[in-house]
K.L.:
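Next up is a structure, given as structure tokens.
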Amino acid sequence: MKDEVNKGEIKMTEKMNAVVLTKPCKADELKVSQVDIPEVKNGYDLIQIKAFGVNESEVTSRKGESDPDFKFPRILGIEGAGVIAKTYEGSKFKVGQKVITMMGGMGRSIDGSYAEYTLVKEKNLIPFDSDLDWSVIGALPEMLQTAYGSISEGLHVKKGDWLLVRGGSSTVGLTASILAHHMGAKVIATTRNPNKLDTLKQLGIDYPVLDDKNFKKSVKEITPQVDKVLELVGFSTLFEDMSFLKQGGYCCFTGALGGQWTLDNFSPFMIPSGVYLTSYAGEAKDLPAQEFDHVLNLIEEKKLVLPIAHVYHGLEEVGKAQANLESGKFSGKHVVVL
């Protein structure tokens, strides 16, 4: 499908390419098909997708293991970067303006970004102005929003804090660790894969630690206590991680890479006395446009390096990207560029 710019608007044909999931399938069964371009409606703007990251939750949806809010058929994709293609009357955005988006039901209760175009609520759009490559921009929305929200809204990380990131080699873990280090915190980031320790070190993380049977001893040798914990593994490690906290310390439950989101017979008395347990679920509003621009400037000035595992080209490579993510062999974000 070809697009033409005509009098400030992007002129489109009626059809677009998209990866439509109609039932649970394997990664290599994800195929490109043609569907109607979404119609603009009040409060929603149409985005021409230029790039998007591939996420664990999309793998879960593809397997048919999502929460009840997910329904087939569905275009996957919980985040995206692109340009405004068409606006509703009264929109604050202009055709051609660069934006990112994430969450807000994308790829779950509404169609997402595995497509040439997607329809997004205006309130879930974040504008930006940068000449960075779309492969870089496309890697950022979800992992940056979740990482930044966790360490700012969830943990209030500040200079001098000791921060433990459990699940530190995940994309969110890596990004949170890098951002916190840049803020002046001392970061301990964990991985269960010894081959990823060097990657963590190369990205500027202070103390990469192997999550094995000697994990508790390894952390104690670095510092007897930490100020903050970002929990990304889940309930399987939550209480051990809270045991590292000093009095008045905070633990933020953001992810469950280990698969355990809930715990039967949970009691508040299971939380160590004098420490605080909170959570972070994430919304687009938690990533201010000025903070996104700030991170883009740091990347442009080569003061900040964010993890990108691999870049793929075209919707035809979505299956390969999901398979590589699912393999667990890579550190960093998998990004598809259109």
Side-chain angles (χ1 to χ4, degrees), residues 44-55 57 77-85 87 91-107 112-113 118 120-158 170-185 203-204 230 252 254 280-308 311 332-338:
Y44 289 74
D45 292 321
L46 186 68
I47 313 305
Q48 182 183 12
I49 296 295
K50 296 292 187 179
F52 56 84
V54 176
N55 299 277
S57 65
I78 65 171
E79 64 175 321
V83 298
I84 301 288
T87 62
S91 172
K92 66 180 182 181
F93 292 98
K94 297 180 180 179
V95 171
Q97 190 171 1
K98 294 179 178 179
V99 293
I100 60 165
T101 187
M102 77 288 290
M103 308 299 283
M106 284 181 63
S113 59
T118 191
V120 179
K121 285 183 180 179
E122 182 182 81
K123 69 177 184 178
N124 289 331
L125 293 171
I126 299 172
F128 71 93
D129 184 16
S130 173
D131 292 326
L132 285 169
D133 193 83
W134 284 111
S135 62
V136 177
I137 303 295
L140 292 171
E142 175 61 16
M143 70 177 184
L144 180 59
Q145 177 266 320
T146 305
Y148 177 77
S150 295
I151 64 176
S152 60
E153 298 292 325
L155 291 172
H156 304 287
V157 170
K158 62 184 185 301
S170 65
T171 55
V172 171
L174 284 169
T175 306
S177 298
I178 293 166
L179 291 176
H181 172 83
H182 188 78
M183 294 165 59
L203 288 169
L230 176 55
C252 180
T254 294
Y280 181 75
E283 296 181 33
K285 68 177 179 62
D286 294 333
L287 180 61
Q290 60 267 29
E291 181 61 30
F292 187 62
D293 284 334
H294 175 62
V295 171
L296 294 180
N297 289 334
L298 292 174
I299 296 172
E300 289 172 350
E301 295 168 4
K302 302 189 185 304
K303 294 179 180 178
L304 189 65
V305 178
L306 293 179
I308 298 177
V311 177
K333 195 78 172 186
H334 297 268
V335 187
V336 178
V337 178
L338 304 188

K.L.:
If you take all heavy atoms of Tyr280 and Ser150, which pair is closest and at what distance?
P.N.:
CD2-OG, 3.5 Å
K.L.:
Between atom OG1 of Thr171 and atom CD1 of Ile308, what is the distance when rounded to the nearest 0.5 Å?
P.N.:
11.5 Å
K.L.:
Looking only at heavy atoms, what is the nearest atom pair of Ser91 and Thr87, with distance?
P.N.:
CB-CB, 3.7 Å
K.L.:
Identify the heavy atoms of Pro141 and Met102 that sit nearest to each other, and give their distance.
P.N.:
O-CE, 3.5 Å
K.L.:
Would you confirm whether Thr175, through its side chain, and Leu144, through its main-chain N or O, come within 3.5 Å as a donor-acceptor pair?
P.N.:
no
K.L.:
Is there a side-chain contact between Asp131 and Lys98 (heavy atoms, below 4.5 Å)?
P.N.:
yes
K.L.:
Looking at OG1 of Thr101 and CD1 of Ile78, how far apart are the two atoms once the value is rounded to the nearest 0.5 Å?
P.N.:
10.5 Å
K.L.:
Is there side-chain contact between Leu304 and Leu179, with at least one heavy-atom pair below 4.5 Å?
P.N.:
yes
K.L.:
Report yes if the side chains of Leu306 and Val136 come closer than 4.5 Å at any heavy-atom pair, otherwise no.
P.N.:
no
K.L.:
Kindly give the heavy-atom pair with the smallest separation between Gly104 and Asn124, and that separation in Å.
P.N.:
CA-ND2, 3.6 Å
K.L.:
Enter the distance from Ser177:OG to His182:NE2 here, rounded to the nearest 0.5 Å.
P.N.:
14.5 Å
K.L.:
With side-chain contact (heavy atoms from CB on, under 4.5 Å) as the criterion, how do Ile47 and Leu125 come out once you've worked through the C-alpha distance, each side chain's angles and the decisive distance to 0.1 Å?
P.N.:
CA-CA 10 Å; Ile47 313 305; Leu125 293 171; 3.8 Å; yes
K.L.:
Under a 3.5 Å distance rule, please check whether Asn55 uses its side chain to pair with a backbone N or O of Ser57 as donor and acceptor.
P.N.:
no
K.L.:
Counting C-beta onward and ignoring hydrogens, is there a side-chain heavy-atom pair between Tyr148 and Pro288 closer than 4.5 Å?
P.N.:
yes
K.L.:
Is it true that a side-chain atom of Ser113 and a backbone atom of Glu79 form a donor plus acceptor pair closer than 3.5 Å?
P.N.:
yes
K.L.:
Tell me the closest heavy-atom pair linking Ser130 and Ile137, and the distance in Å.
P.N.:
OG-CD1, 4.4 Å
K.L.:
Is there a donor-acceptor contact under 3.5 Å from the side chain of Gln97 to the main chain of Lys94?
P.N.:
yes
K.L.:
Is the closest side-chain heavy-atom distance between Val99 and Val120 below 4.5 Å?
P.N.:
no
K.L.:
So, do Trp134 and Leu338 sit near enough that their side-chain heavy atoms are less than 4.5 Å apart?
P.N.:
no
K.L.:
Any donor and acceptor pair, going by atom type alone, linking the side chain of Glu122 with main-chain N or O of Lys92 inside 3.5 Å?
P.N.:
yes
K.L.:
Where do Ile100 and Ala81 come nearest, in terms of heavy atoms and distance?
P.N.:
CG2-CB, 3.9 Å
K.L.:
Check the pair Leu296 / Asp129 against side-chain contact (heavy atoms from CB on, under 4.5 Å), numbers first and verdict last.
P.N.:
CA-CA 9 Å; Leu296 294 180; Asp129 184 16; over 6 Å; no
K.L.:
Is there a side-chain contact between Ile178 and Pro307 (heavy atoms, below 4.5 Å)?
P.N.:
yes
K.L.:
Can you tell me how far CZ of Phe292 sits from CG of Leu140, rounded to the nearest 0.5 angstrom?
P.N.:
5.0 Å
K.L.:
Any side-chain heavy atom of Gln145 within less than 4.5 Å of one from Ile126?
P.N.:
no
K.L.:
At what distance, to the nearest 0.5 angstrom, does OG1 of Thr254 lie from CG of Leu155?
P.N.:
7.0 Å
K.L.:
Between atom OG1 of Thr118 and atom OH of Tyr44, what is the distance when rounded to the nearest 0.5 Å?
P.N.:
10.5 Å
